[in-house]
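Take a look at the structure set out below.
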Amino acid sequence: MPVTYKKIASVTVGAGGSASMAFTSIPSTYTDLILKVSVREESTNSYELAMDVNGLTTAIYNWRLLQGSGSSAISDQRTSQTIGQAGVLSSSNSTASTFGNIEIYFPNYSGSTNKCYSVDSVGENNGTLAYARLVAGLISTTSAITSITLKLGSGDLDQYSTAVLYGISKS
Amino acid sequence: MTTKLVVDCSTGVVEEVALTEEELAQREVDRIAFEAAEAARLADEAEKAAKKAELLAKLGLTEDDAKLLLS
């Protein structure tokens, strides 16, 4: 890990699962933020991780995505959504004890312009179907990001799902 | 009881908190929004696949022919 990365906080889901993982009171002292997530859902509902920032659930989330499954590739774009797109993950249908790997990057998270972000994700599975997804997102809020909530479109996060938030300084 | 994990980045303390009625209602709104977006994406995919098949048929090409041309 580069010396300019500093771990801010981490969270791990315990027994019984959890509806979401939220980082609050994020300090504004860094230049960028990066979230490293290892995640699995308890059900087979979503295959996708969702998020919101600053508790905002209005129609401010926009994205373009590219996804490959090993047999096909798709692209998609959505605007004015009430929930943010944060990549693919492993579901209860995936190979046991496998978790999706997601990296979410927020450049200039405390600035006064609309917030862009990028996602690099894979849903691990030892089978014929596994997804890799890249997302380029835009959140239409000019407020500094002070909280990030990771959640599913439907269902709960499975035990041992983990998220680590790092702050990145420019020097 | 459905709970969420909240970590305060200023202290590092992690709390498991029960969802409020408002948050439970928002979960339902999120589920509906997610399912609508997913249905729209799948519909777009199906439309693209149908148009692609139509074009290939017009050109007298198979899917494998098209992949070879684009490789």
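All figures in this text were calculated on a predicted structure; none of them were measured in a lab. Every chain is numbered from 1 and lettered A, B, ... according to where its sequence line falls, protein lines coming before strand lines.
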Identify which part of Ser10(A) has an atom lying under 4.5 Å from any heavy atom of chain B, answering side chain, backbone, both or neither.
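Backbone only.
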So for Gln77(A), is it side chain, backbone, both, or neither that comes closer than 4.5 Å to the heavy atoms of chain B?
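For Gln77(A), neither part sits under 4.5 Å from chain B.
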Under the criterion side chain to side chain contact (heavy atoms under 4.5 Å, CB included), which of Ile148(A), Ile8(A), Thr146(A) is the partner of Cys9(B)?
Ile8(A)
Under a 3.5 Å distance rule, please check whether Thr82(A) uses its side chain to pair with a backbone N or O of Ala33(B) as donor and acceptor.
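No; judged by distance alone, with no hydrogens or angles, the pair does not exist.
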For the residue pair Val7(B) and Ala9(A), what are the closest heavy atoms and their distance?
CG2-CB, 3.7 Å
Looking at every non-hydrogen atom in both residues, tell me the closest pair between Thr2(B) and Ala19(A) and how far apart they are.
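Looking at all heavy atoms of both residues, the shortest contact is CG2-CB, 3.7 Å.
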Quick one: do [X] and [Y] end up in the same hydrophobic cluster if we chain Ile, Leu, Val, Met, Phe, Trp and Tyr together by side-chain heavy atoms under 4.5 Å apart?
X         : Y         : result
Ile145(A) : Val6(B)   : no
Phe99(A)  : Tyr131(A) : no
Leu19(B)  : Val17(B)  : no
Val164(A) : Tyr5(A)   : yes
Leu59(B)  : Leu69(B)  : yes

Cationic N near anionic O, under 4.0 Å, Asp44(B) to Arg78(A):
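The answer is yes: the pair qualifies as a salt bridge.
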Please determine whether a side-chain nitrogen of the Lys or Arg among Asp156(A) and Arg27(B) lies less than 4.0 Å from a carboxylate oxygen of the Asp or Glu.
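The answer is yes: the pair qualifies as a salt bridge.
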I want to check something: taking the side chain as every heavy atom from C-beta on, are Val13(A) and Leu5(B) in contact at a cut-off of under 4.5 Å?
yes
Is there a side-chain contact between Glu45(B) and Ser75(A) (heavy atoms, below 4.5 Å)?
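Side chain of Glu45(B) against side chain of Ser75(A), heavy atoms only: no contact under 4.5 Å found.
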Gln26(B) side, atom CD; Asp52(A) side, atom CG - distance, nearest 0.5 Å
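Result: 8.0 Å between the selected atoms.
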When only pairs under 4.5 Å are counted, which of Thr149(A), Ile83(A), Leu165(A), Ile74(A) shares the most heavy-atom pairs with chain B?
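Result: the option with the highest number of such pairs is Ile74(A).
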Any chance CD of Gln159(A) has more than 12 other-residue heavy atoms, nucleotides or ligands included, within less than 6.0 Å?
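Counting other residues, nucleotides and ligands, CD of Gln159(A) exceeds 12 neighbours.
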Residues, nucleotides or ligands: over 12 heavy atoms within 6.0 Å of Tyr105(A) OH
yes
Structural part of Val14(B) lying under 4.5 Å from a heavy atom of chain A
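Looking at Val14(B), just its side chain touches chain A.
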Side chain / backbone / both / neither for Ala40(B) at chain A, heavy atoms under 4.5 Å
both
